[in-house]
Novice: 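This is the structure I have questions about; it appears just below.
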There are 2 protein chains.
Amino acid sequence: MKSILAIHGGAGTITRSSMSEEMEAAYLQGLRDALEAGRIAYLRGDAAEDICAAAVVSLEENPLYNAGKGAVFTHAGDHEMDAAMMRGSDLAAGAVAGVRFVRNPVLLARAVMKYEEHVLLSGTGADAFARLQGLETVSNNWFDTPHRRLQYEQALAEDIIILDHHEKKFGTVGAVALDLKNNIAAATSTGGMTNKKFGRIGDSPLIGSGTYANNETCAVSCTGHGEYFIRYAVAYDLSCRIAYGKQTLNDAADELIYKVLQDAGGEGGLIAINRLGEVTLPFNSPGMYRGILHENGDVEVAIYRS
Amino acid sequence: MKSILAIHGGAGTITRSSMSEEMEAAYLQGLRDALEAGRIAYLRGDAAEDICAAAVVSLEENPLYNAGKGAVFTHAGDHEMDAAMMRGSDLAAGAVAGVRFVRNPVLLARAVMKYEEHVLLSGTGADAFARLQGLETVSNNWFDTPHRRLQYEQALAEDIIILDHHEKKFGTVGAVALDLKNNIAAATSTGGMTNKKFGRIGDSPLIGSGTYANNETCAVSCTGHGEYFIRYAVAYDLSCRIAYGKQTLNDAADELIYKVLQDAGGEGGLIAINRLGEVTLPFNSPGMYRGILHENGDVEVAIYRS
C-alpha cells in the first residue's frame, strides 16, 4: 500500500506498563492530529517539505511531545531547541540549533532552507534571523509545561543529563513525506535532552545525522541517543546503503537500526520514505511514537513494539 | 610511497599572481612547521588523533591561517571558531561550534571526544566546558590580526559575507594521520567566513560533513564552501563510496570533488588517508594549501594546482 507520510514522536523506554490509558490515548491522538495536518497539506498540493512542516508543527504545538511547546528544560532551566529540514528534489537544506524564542523551530529551519545562503544557524543569531523572517517569536517560558518542569527538577536533583538512565526517552518529532509531484522531504524538531549542559547539540539539526532527503534514495528523520546517530551518520548512511550498496529501503534500515546501531549500543529508530511511497519505521528501543498516512487516506498509529 | 600525515590550510582562489614571494614562502613554511609538529608526535608514538592535534595546533597558532590566532572576524566584529576530531579505531568523535575563548579549538574538540558523553558542544557552554577541562583560554581579541581586521572592514563596507565573491577563499585547517599502531584519525579547525552572521555553522565541526574517520575506510578533513559540504555530507560520502561502493580512496575522492561537487557548484577540496598510508588531496578550486609527510620523513608542500 502506497504511503505518503510517516511521522515519529520520539523513541525510548516507552512501555505499556508505564503508561496510563488516558496518556496513551492522548499520545495516539497527537499522532493522528499530526497525520491529519499532513493530509490536509498533501491534498491541497503542498510540496513535500510543507507536508512535513504541517505535521511537525502539529507535534511542536502538542505539549506532550519534546519539541516546541513542551520542550524539555536545559541545565540552566530554560529551553534550547533544534530543528532541520531537507528537500529531496535539489538537496536544499536548512537547520537551526539552540534557538530559544521562535515558536515553531521547524518553520525557522524551512526559512533557512529557502533563504539558501546558509544551512545551519545557531543560538541568538538564529533567533535574530527568525525575527527578520517575520516568524512568530515567544518568550522562552512559553515553552514551559508542568510535566517538563517536574522532570527537570528531578534530573537536577539527581544531577543526570538524560531524564532517567533506567528509562531512557529520546524526545524528538519528525516527518517524512511524498508529495503529488513525487518529491520527498524530511524534517525533525526537538527540545533535546533534559538537563543538557554545555550547549550540547544532538543529531536532529545535523544534515546527514538526524535528517536527510534525496529523491534518488529516501527521506529520513531519526530519533534516539543523538551521539550515536552523529558518529554513525545514520540518516546519510541509510541513503548510501541504497545508492552505493544497492540495498532496498527496508533492508538498509533494518541492518542499520537492528544490527549496526544496536551492536554499538545506540538506542533509537528512524522513519523513512522513498518516491515509490514505501515507508519503514524501525526502532531498537522498547517503543517509538509513530504513524503512517497511506495514499488512500488510511492511518496507522502505534507506540510499542508489536 | 607510504604517507603518515596530510594537512590542509584552506582552499579557494589562491593563485600565483595574487601572492607575493614573501607571502608564498611564509605560507609554505607554515605547512612545513605543521608537518614537523606532526612528525615529532608520530615518532614518539602518539595516537593518530594526537598527531592530528599537533599539526592542527601548529596551524591554529599561525596567524596566516584562518583558525585560532588569525581567525576571521564575524559580522559582530569578534571571532567564533569551530573544530572537530574523529578517531577511526572506535568512531569516537568530538566537536565544538561557535567557541570564542579557547586558545586552541582543536584541543577542545579532542577533550569533548575523550569526555565521551557528548559529541558536539556549542557557544558559551562549550567555552565553559573548556575551562572545566583546564584548557587555556584567552580574551576574544587575542585572535585579532591586522590582516583579518582589514578583510573584515572591507567585507562590512561591502556588506558581503564571504570576503570576496570574485576571489573566494575558504579558510580552514585540517589534518589526517596514520599512527604506528595503524590507526587513523582526522581533525579540522576554522574561524569560518568573514562577516558571517546569524550564528552560522559551517561543515568543519560536523561529523560526516567536514570531518570523519573510520579505520575500515579512511580519515578525511574538508575545506571549501561549507554549505555544499553539509548538503553532500562529503566526508561521510567518501567513506561510503569505499565501504558500500567498493571504490578506491583515490577514485572515490576524485569522483566526489571533481564530479559531484564541481557539477553542483561546490568549491573546495579534501585530504584523506587510509590504513595503507595512501593519501589523496583533491580540490576543484584554483588552489589549496596542502602538505604530506611520508613515512620515510620526506615532505611535500604545495599551494597551486600543479
Side-chain angles (χ1 to χ4, degrees), chain A residues 74-76 80 86 90-93 95-99 112 115-130 132 161 193 196-203 205-209 212 226-237 239-247 264, chain B residues 74-76 80 86 90-93 95-99 112 115-130 132 161 193 196-203 205-209 212 226-237 239-247 264:
Chain A
T74 67
H75 182 69
E80 290 182 3
M86 189 161 182
D90 61 356
L91 306 185
V96 291
V99 295
V112 174
Y115 184 73
E116 290 185 347
E117 185 140 348
H118 294 319
V119 169
L120 176 56
L121 302 184
S122 66
T124 54
D127 278 309
F129 183 78
L132 277 178
I161 288 181
M193 286 177 169
K196 68 183 173 186
K197 300 177 188 176
F198 307 128
R200 179 254 186 191
I201 298 175
D203 63 311
L206 305 186
I207 299 302
S209 298
Y212 184 76
E227 279 67 19
Y228 288 88
F229 284 72
I230 296 173
R231 291 163 53 214
Y232 286 85
V234 169
Y236 191 57
D237 185 75
S239 177
C240 288
R241 285 171 179 273
I242 297 165
Y244 306 136
K246 308 302 176 194
Q247 287 188 286
Chain B
T74 68
H75 182 69
E80 290 182 2
M86 189 160 183
D90 62 354
L91 305 185
V96 292
V99 295
V112 174
Y115 185 72
E116 291 186 344
E117 185 140 348
H118 296 319
V119 169
L120 176 55
L121 302 184
S122 66
T124 53
D127 278 308
F129 183 77
L132 277 178
I161 288 182
M193 286 177 168
K196 68 184 175 186
K197 300 176 188 176
F198 306 128
R200 178 256 187 190
I201 298 174
D203 64 311
L206 304 186
I207 299 302
S209 299
Y212 185 74
E227 278 66 19
Y228 288 88
F229 284 71
I230 296 173
R231 291 163 53 214
Y232 286 85
V234 169
Y236 192 59
D237 186 74
S239 176
C240 288
R241 285 172 179 273
I242 297 166
Y244 305 136
K246 307 300 176 195
Q247 288 187 285

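Numbered from 1 within each chain, the chains take letters A, B, ... in sequence-line order.
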Novice: Heavy-atom cut-off 4.5 Å, strictly under: side chain, backbone, both or neither for Y232(B) against chain A?
Specialist: both
Novice: Quick check for you: to the nearest 0.5 Å, what is the distance between Y244(B) atom OH and I242(A) atom CD1?
Specialist: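 Between atom OH of Y244(B) and atom CD1 of I242(A) there are 11.0 Å.
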Novice: Can you tell which part of L206(B) gets under 4.5 Å to a heavy atom of chain A, answering side chain, backbone, both or neither?
Specialist: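 The answer is the side chain of L206(B).
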Novice: Which bit of D127(A) is near chain B, if near means a heavy-atom gap under 4.5 Å: side chain, backbone, both or neither?
Specialist: neither
Novice: Between G199(A), G202(A), S239(A), which shows the greatest number of heavy-atom pairs under 4.5 Å with chain B?
Specialist: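 Most heavy-atom pairs within the cutoff with chain B belong to G199(A).
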Novice: Considering only heavy atoms, which portion of A76(B) lies under 4.5 Å from any heavy atom of chain A: side chain, backbone, both, or neither?
Specialist: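 For A76(B), neither part sits under 4.5 Å from chain A.
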Novice: Compare every heavy atom of E227(B) with every heavy atom of V119(A), then report the nearest pair and how far apart it is.
Specialist: N-CG, 3.4 Å
Novice: For chain A, which candidate among G245(B), C240(B), G208(B) shows the most heavy-atom pairs at distances under 4.5 Å?
Specialist: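 Looking at each of G245(B), C240(B), G208(B) in turn, C240(B) comes out on top.
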Novice: Based on non-hydrogen pairs under 4.5 Å, which of T124(A), I207(A), D237(A), D203(A) is most in contact with chain B?
Specialist: D237(A)
Novice: Is there a donor-acceptor pair closer than 3.5 Å between any side-chain N or O of R231(B) and the backbone N or O of D90(A)?
Specialist: yes
Novice: Nearest 0.5 angstrom please: F198(B) CZ to Y115(A) OH, how far?
Specialist: 5.0 Å
Novice: Need one label for A92(A): side chain, backbone, both or neither, based on atoms under 4.5 Å from any heavy atom in chain B.
Specialist: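 Looking at A92(A), just its backbone touches chain B.
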Novice: Distance check, rounded to the nearest 0.5 Å: E117(B) atom CD versus K197(A) atom NZ?
Specialist: 8.5 Å
Novice: Using 0.5 Å steps for rounding, measure from the NE2 atom of H118(A) to the CD1 atom of I201(B).
Specialist: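 One finds 11.0 Å between NE2 of H118(A) and CD1 of I201(B).
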